[in-house]
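Residue numbers start from 1 in every chain, and the chains themselves are labelled A, B, ... in the order their sequence lines are given, proteins ahead of strands. Values below: all heavy atoms of this structure, side chains included; hydrogens, waters and symmetry mates excluded.
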Protein chains: 2
Amino acid sequence: MLRPSRQPYPHDLAPKKHPAQPRAKATVRAVLDATARILARDGYDGVTTNHVAEAAGVSIGSLYEYFPNKQSIIAAALARELRQIADEVKGSMRTALALPDQPRGGIDHWMRGMMASLDRRSRLLRVAMREVPFFWDIPEARNLSETLQHIAQEGRRKSERVLHFDDPEADTYLLMTMCWAAILQTVLYRPAHLSRERLTRTLVDMVTKLL
Amino acid sequence: MLRPSRQPYPHDLAPKKHPAQPRAKATVRAVLDATARILARDGYDGVTTNHVAEAAGVSIGSLYEYFPNKQSIIAAALARELRQIADEVKGSMRTALALPDQPRGGIDHWMRGMMASLDRRSRLLRVAMREVPFFWDIPEARNLSETLQHIAQEGRRKSERVLHFDDPEADTYLLMTMCWAAILQTVLYRPAHLSRERLTRTLVDMVTKLL
DNA sequence: ACTTAATCCGAGCAAATGCTCAGGTCTACT
DNA sequence: AGTAGACCTGAGCATTTGCTCGGATTAAGT
């Protein structure tokens, strides 16, 4: 495989040029769609530029009109998906806070919202997090973690609940991390022993008990 | 890059031949050492067979005397490390159960043991879990998860504690998963906000409170 | 109509990399 | 000493793949 440099990962993940005309926008969209599809189906090494171009129905030359290299194509495809997840998670937090039966009902609603959002993209996310070497260099990936933290902190303040330990901020961070990790674990890696429903209920129980 | 088949990942991760003579054992050891070193330093794509052979001080031909392909070399190197981690974690569980001040003291000791074991290999593990596509096809990787579960279940029984929810088995699984995930998160991905010590204490607090 | 820029095309180059193979060297055993 | 087999060597093949580049085509502006 041709590597552009000796550096392990390129920091050149940004697109190259903005598509101006509608024709060009359609091209870029087709490329990102194809990339996401191939990535989910064939894994990281299954993504070759020629293959992507063919699947998108455009020529190789067109890819490199808008992206400086292969990594930036994959990064753009993932970034788009991650932005959607962040929006969906924010949305379910908003409705969760408006619910009666706080905090239990809110937590329940939010958990299910997050799981649904991840579940819809489980194959893609699994590959992204397990195989894409520069995944955490994608700004949207870092953002998602931060966003989750912000939402959690905000939720804690609004619901006027505190964990029963020392530092509410650190406790919330940790609890959020743990919940997120548990959800990822079950949604992405599908353990045989534990059903989705059972996980959700237990998780809600735990968090409620700790609040 | 030459891929042996269209299948996403090879199940051909097993070594090919056992080294019989001491000279050969040294060769294999040198190969595994070099592989782990390069993997940790340069990432998955930095591992090339020629490079590994050179770094190990043996010729390419010798690699393929004992391993059928590149993946099996990486798998063997990681398997060796994972076996050590499993042993260390088991060890710290044994001493943890012998401690006074249960369950708090035991949990504290065990947590610290796990973190130390992971910390010693953090770079390698980070690459392994983030980039190696067949990581979870390595039997030792699956085993480690199972081992953790077994140890946790055993610890729960021995300490005669139960979580306060429905099904002790599922609750323990979930709690173990969450703790493990939180530890991995902090050891491997080094969040700036939260110190190692603070995480450990809070984690022990939480688990103690839930028991 | 003319110009300029945006967009698209795709054959093919340059480089990397997994792995083979024909033959050499060392060890164990009779 | 002789032999079988374990072990090692490394030049080079076969293949893959990221990406360039010269030029065609289409759209926008005047």
Side-chain angles (χ1 to χ4, degrees), chain A residues 1-10 12-13 15-31 34-35 38-39 42-76 132-134, chain B residues 1-7 9-10 12-13 15-31 34-35 38-39 42-76 133-134:
Chain A
M1 190 185 296
L2 193 86
R3 299 237 134 222
S5 76
R6 266 279 137 236
Q7 276 198 320
Y9 311 127
D12 206 359
L13 299 177
K16 190 185 194 171
K17 198 174 74 175
H18 281 290
Q21 303 171 6
R23 179 176 49 145
K25 287 189 183 174
T27 301
V28 170
R29 201 174 328 121
V31 169
T35 303
I38 295 173
L39 195 57
D42 300 336
Y44 181 64
D45 282 344
V47 179
T48 71
T49 51
N50 292 296
H51 191 182
V52 165
E54 190 190 14
V58 304
S59 91
I60 319 274
S62 295
L63 287 202
Y64 287 93
E65 199 75 32
Y66 302 103
F67 301 97
N69 51 47
K70 181 187 158 185
Q71 287 87 343
S72 69
I73 301 172
I74 295 175
V132 176
F134 52 86
Chain B
M1 189 184 293
L2 193 85
R3 300 237 132 223
S5 77
R6 266 281 137 232
Q7 275 199 319
Y9 310 126
D12 207 356
L13 297 178
K16 189 183 192 174
K17 197 173 77 177
H18 279 289
Q21 303 172 5
R23 178 174 50 145
K25 286 189 183 174
T27 300
V28 170
R29 202 176 325 125
V31 169
T35 304
I38 296 172
L39 195 57
D42 301 336
Y44 181 64
D45 282 345
V47 179
T48 71
T49 52
N50 292 297
H51 192 180
V52 165
E54 190 190 15
V58 303
S59 90
I60 319 273
S62 296
L63 289 202
Y64 288 92
E65 198 77 30
Y66 302 102
F67 301 97
N69 52 46
K70 181 187 159 185
Q71 288 89 340
S72 69
I73 301 173
I74 295 174
F134 52 85

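When the side-chain contact (heavy atoms from CB on, under 4.5 Å) test is applied to Ala56(B), the partners found at least two apart in sequence or on another chain are Ala30(B), Val31(B), Ala34(B), Val58(B). Under the rule for a side-chain contact (heavy atoms from CB on, under 4.5 Å), the partners of Tyr66(A) that lie at least two apart in sequence or sit in another chain are Lys17(A), Pro19(A), Ala24(A), Val28(A).
Taking atom CG on Asp45(B) and atom P on dA15(C), their separation rounds to 20 Å, with Å as the unit. Taking atom OH of Tyr64(A) as the reference point, atom C1' of dG10(C) lies 14 Å away to the nearest angstrom. Between the CD atom of Gln71(B) and the C1' atom of dG18(C) there is a distance of 9 Å, rounded to whole Å. One atom, CD of Glu65(A), and another, P of dC19(D), lie 15 Å apart when rounded to the nearest Å. Atom pair Tyr44(B):OH and dT17(C):C1' shows a separation of 13 Å (rounding to whole Å applied). Atom NZ of Lys70(B) and atom P of dT17(C) are 8 Å apart (whole Å). Following rounding to the nearest Å, Asn69(A) (CG) and dG18(D) (C1') show an atom-to-atom distance of 10 Å. Atom P of nucleotide dA16(C) and atom CG of Asp42(B) are separated by 15 Å, given to the nearest angstrom.
One finds the CG atom of Leu13(A) at 11.5 Å from the CD1 atom of Ile73(A) (value rounded to the nearest 0.5 Å). With values rounded to the nearest 0.5 angstrom, Ile74(B) atom CD1 is found 9.5 Å from Ile38(B) atom CD1. Atom OG of Ser72(B) sits about 8.0 Å away from atom OH of Tyr64(B), to the nearest 0.5 Å. To the nearest 0.5 angstrom, Thr49(B) atom OG1 is 13.0 Å from Phe67(B) atom CZ. We find the CD-OH distance between Gln71(B) and Tyr44(B) to be 5.0 Å, quoted to the nearest 0.5 Å. Summarising the geometry, atom CD1 belonging to Ile60(A) is positioned 7.5 Å from atom OG1 belonging to Thr48(A); distances are rounded to the nearest 0.5 Å.
Rounded to 10°, the helix from dA1(C)-dT30(D) to dT30(C)-dA1(D) has 10° between the axis fitted to its first five pairs and the one fitted to its last five.
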At a cut-off of 3.5 Å, list every protein nitrogen or oxygen paired with a nitrogen or oxygen from nucleotides 22-30 of chain C, distance to 0.1 Å.
none

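Screening residues 18-27 of chain A for side chain to side chain donor-acceptor pair (under 3.5 Å), with sequence neighbours left out, gives no hits. Applying the salt bridge (Lys or Arg N to Asp or Glu O under 4.0 Å) rule to pairs touching residues 48-57 of chain A yields nothing, sequence neighbours excluded.
Counting any heavy atom pair closer than 4.0 Å across all strands shown, Val47(B) reaches sugar-phosphate atoms only and no base atom.
DNA chain C is contacted by Thr48(B), Thr49(B), Asn50(B), Ile60(B) of residues 48-60 of chain B, taking any non-hydrogen atom closer than 4.0 Å.
Counting only heavy atoms from C-beta on, Tyr66(A) has its side chain closest to dT7(C) among dT7(C), dC8(D), dA6(D).
In terms of phosphate contacts, Ser62(A) brings a side-chain nitrogen or oxygen within less than 4.0 Å of OP1 or OP2 of dC9(C). For dC7(D), neither phosphate oxygen OP1 nor OP2 lies less than 4.0 angstrom from any side-chain nitrogen or oxygen of Thr27(B).
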